[in-house]
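Okay, structure first, notes after.
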Amino acid sequence: MPKPKPKPKPKPKPMEIDDVDGDQQSSAVEHKNALARLEKADPEFFKFLKEQDADLLDFDESDDDAEEREEDEDEEVEEDDDDDSGAEEPTKKVRQLKIKTDREGRKVLDENVLTSLETALDEERPSPSAVRRAVVGFTACVARVGAEIDPPAFVIKDEQVFDGLVRLCFSRLGEALYAILEPIKQERSVDVTKMDDGEEEAVKSGPLSRFRRWKKYSAVVKQYLSDLLSFLGEVQEAEVISATIRAINKMVDLYVIFAKLSRQLVKQLVRVWSRKQEECRVVAFIALSKLIRVQPDMFSFIIKSCYLGFVSNARLVTEETWPLLALMQQSFADLCMIDPVVAYQYAFVYIRQTGIHLRNAMIAKKKELVQAVYNWQFVQCLYLWTRVITTAVKSVDGGCESIQELAYPLVQVIVGCANLLPTVKYYPLRFHCVRALIRMQVGCGIYTPAIPLLTHVLTTPEQLGKRNVRHSAKPPQLDCLLKASKAMLEENGFKDAVVDTLCELLLQAIHASRTSLAFSELITPIIVKMKIFTKQCKVGNYSRQVKALIEKFEEHAKWVDSVRSRMTVSLANPDSVHEVEYALRSEDSPLAKYYVSWSKMAALKKGQPIQQNAKAVKSEVKQENVEENAKPAAAGKRKAGTAKDAKLPSMKKPKVEKWSPPPEDAIDTVQDLVLSDSD
């Protein structure tokens, strides 16, 4: 007897929209009732919840339901990317498109898709589906420039489409991402906690309380941020790099949410800051400074990365790289002034590290130990910390006093470096040390022993007091040298450059001490040594240069004596001493007038590229601050025009950089001058 067939089970009835709404409404009522019972049972805990998480208590189901329904309506077009037919479903915000495919079956992003994206992103509130499609399109751009990533959903074959999509993403996509994330007002995203001393401190909460839709669209944001870093690592043209960093700079507060991406961002910015052209370095510095202000916890990592990048790229110094190194020195000093208390700890350790290298070289005087000191990386580190300390003296912010106290140990290291091998061969390095000491004296208002290092050169007339038989076509550029070769020592051009630099530094050092009350007593032994040099020197040009300085120094000494005789000076009264020193600062003094005329002549001969590039940082930072301050005033207003108006150069023919760092196998002392993370 056949068994009866089992009756089919009835299919479960799909849940209607009204049932879902009813369940959500009942859950909201239960939530409110539970909070009411909690307030009666444990009022202290309820008060704690109200202070720490007010959003939990201010539960309003109507707003969330309305927003969810609105998002669902906006994202109906999202499934069209996975449709085998390749056609998009029409929506009220994105018109129907037919996406073409190539022979390999990949979707092609053409002008029609680009036009639809421009239209969608130009709206006041772009749809999430259009934003997602723009992110996927930018991933295709990243793959086109050569980044090693997974094959994207789209492929771009037209250069104009590629250029237009990059312009669109840089100008509109960042704002569109913020629009779909729906930032919460600052009052709700910041918690106020009371400190022990009674003061209130604002503590930033996580992304879930800063953006209403963070949990839903965080993956899209992370994808775009990662693609920007990949794009930055591949492009080579200076203008394209600058435009990419400017786009990143608009989204720094999103980068800091992802710890791994933020560290990758720092590495990319430091790479641009230490290796690329001047314009790129300035923009990278602005992004680094903004990253520190948004996320102060990354200050230590940024300072260490910048210091390592500076030392690694200071192995080669030429006339072209000198302005870039000066720019890096000034920008690094400005970064240190953001948090001088933490910067002092690193400055102390790194200056101490240079002192340890110098001590080892002075004790053993082995070739490898001396080379660890007499190299460009060591000298550039001295210049770097000199700039940091002088910037701290000029800074009006608090907390810089500790960095100023490092002036004394740094001066001792510089003097010891100059006296390690006091031979004619290393006169160029000695002159670099003297320049650093003069900067310390002028910038910090302290006395540095720069003049004795110069008078030592005057005591060697047997080396500089006679002409050689061998002539050179052009004197060498001592600014880009640390030591002279044997062939260079036999040339007259090297001696000419040494005497010219000696007179230049003597004038700068004496000019820095011109306001001293004891100027006459200070200059007397120096004039004696200079006169001895003129008597023993057999080269008329050298003697004339030194005699001209002697006349100006003696004239200024007489002027100082006349000022002191007219005023009452009491060493027991500091006010009277300061009054005389203030009178000696007059620009009508003989030495001040001569120094001004000499500076103009020197500027005409060789220009001032270093000073001009150092000022570029401040001008760019001011411009960036103006743009940042203008953003709140323009909130809610969109700029006229389309993405084609964005300033982004063509990327058809990347330029080749004129200078690149030396190969990795070159002789290097980076590991000796920096500390590991464990230290």
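For the numbers below, each heavy atom of this structure counts, side chains included, while hydrogens, waters and symmetry mates do not. Since the model is a prediction, treat every value here as computed from it, not as a measurement.
Here the side chains of T524 and E521 are not in contact, with every heavy-atom distance at 4.5 Å or above. Contact annotation: the side chain of Q545 approaches that of N541 to within less than 4.5 Å [non-hydrogen atoms, C-beta and beyond]. Side-chain contact between Y374 and L482 is absent, with no heavy-atom pair separated by less than 4.5 Å. With contacts defined as side-chain heavy-atom distances shorter than 4.5 Å, the pair R281/S331 does not qualify. No side-chain heavy atom of I303 sits under 4.5 Å from any side-chain heavy atom of D339. Residues W559 and S586 have side chains in contact (heavy-atom distance under 4.5 Å, counting atoms from C-beta outward). The side-chain heavy atoms of I438 and T448, taken from C-beta on, include no pair separated by under 4.5 Å. Residues Y594 and H511 are not in side-chain contact: their nearest non-hydrogen atoms beyond the backbone lie 4.5 Å or more apart.
In this structure, Y426 contributes its side chain and A418 its backbone to no donor-acceptor pair below 3.5 Å. N249 places no side-chain N or O within donor-acceptor distance of the main-chain N or O of I245, the cut-off being under 3.5 Å. A donor-acceptor pair is defined here as one N or O able to donate and one able to accept, closer than 3.5 Å; no such pair exists between the side chain of D500 and the backbone of A497. Under the 3.5 Å distance criterion, the side-chain polar atoms of S312 are left unmatched by any main-chain donor or acceptor of G309. With hydrogens and angles disregarded, no donor-acceptor distance shorter than 3.5 Å links the side chain of S516 to the backbone of S513. No donor-acceptor distance shorter than 3.5 angstrom exists from the side chain of S395 to the backbone of T391, with no hydrogens or angles considered. The closest donor-acceptor contact from the side chain of R430 to the backbone of N419 lies at 3.5 Å or more, if one exists at all. Proximity of a side-chain donor or acceptor of E587 to a complementary backbone N or O of A592 within less than 3.5 Å is not detected. A donor-acceptor contact shorter than 3.5 Å links the side chain of W322 to the backbone of D479. Between the side chain of T515 and the backbone N or O of R585, no donor-acceptor pair lies under 3.5 Å.
For R387 and F332, the positive end is not near the middle of the six-membered ring at less than 6.0 Å and at most 45° from its axis.
Annotation for F519 and V560: closest pair CD2-CG2, 4.1 Å, computed over non-hydrogen atoms.
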Would F431 and V457 count as a side-chain contact (heavy atoms from CB on, under 4.5 Å) if you check the C-alpha gap in whole Å, the side-chain angles of each, and the deciding distance to 0.1 Å?
CA-CA 10 Å; F431 291 153; V457 180; 4.3 Å; yes

side-chain contact (heavy atoms from CB on, under 4.5 Å) assessment of L481 paired with M488
CA-CA 11 Å; L481 291 177; M488 194 177 296; 3.8 Å; yes

Applying side-chain contact (heavy atoms from CB on, under 4.5 Å) to R271 and Q268, what does each step give before you reach the verdict?
CA-CA 5 Å; R271 179 185 63 85; Q268 289 283 2; 3.0 Å; yes

For a side-chain contact (heavy atoms from CB on, under 4.5 Å) check, start with the C-alpha distance between S305 and L269, then their side-chain angles and the critical distance, and finish with the verdict.
CA-CA 10 Å; S305 301; L269 292 177; over 6 Å; no

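With respect to K593 and E555, no salt bridge is recorded, no charged nitrogen being found less than 4.0 Å from a carboxylate O. A salt bridge links D561 and R564; the closest N-O separation between the charged side-chain nitrogens and carboxylate oxygens is under 4.0 Å.
Aromatic pair H357/F378: centroids not less than 6.0 angstrom apart.
Classification of the Y350-Y307 ring pair by plane angle, with boundaries at 30° and 60°, yields parallel.
Screening R435, H432, Q329 for a side-chain hydrogen bond (donor to acceptor under 3.5 Å, both in side chains) involving Y383 leaves a single residue, H432.
Counting heavy-atom neighbours within 6.0 Å of Y447 OH, excluding the residue itself, gives a total above 12.
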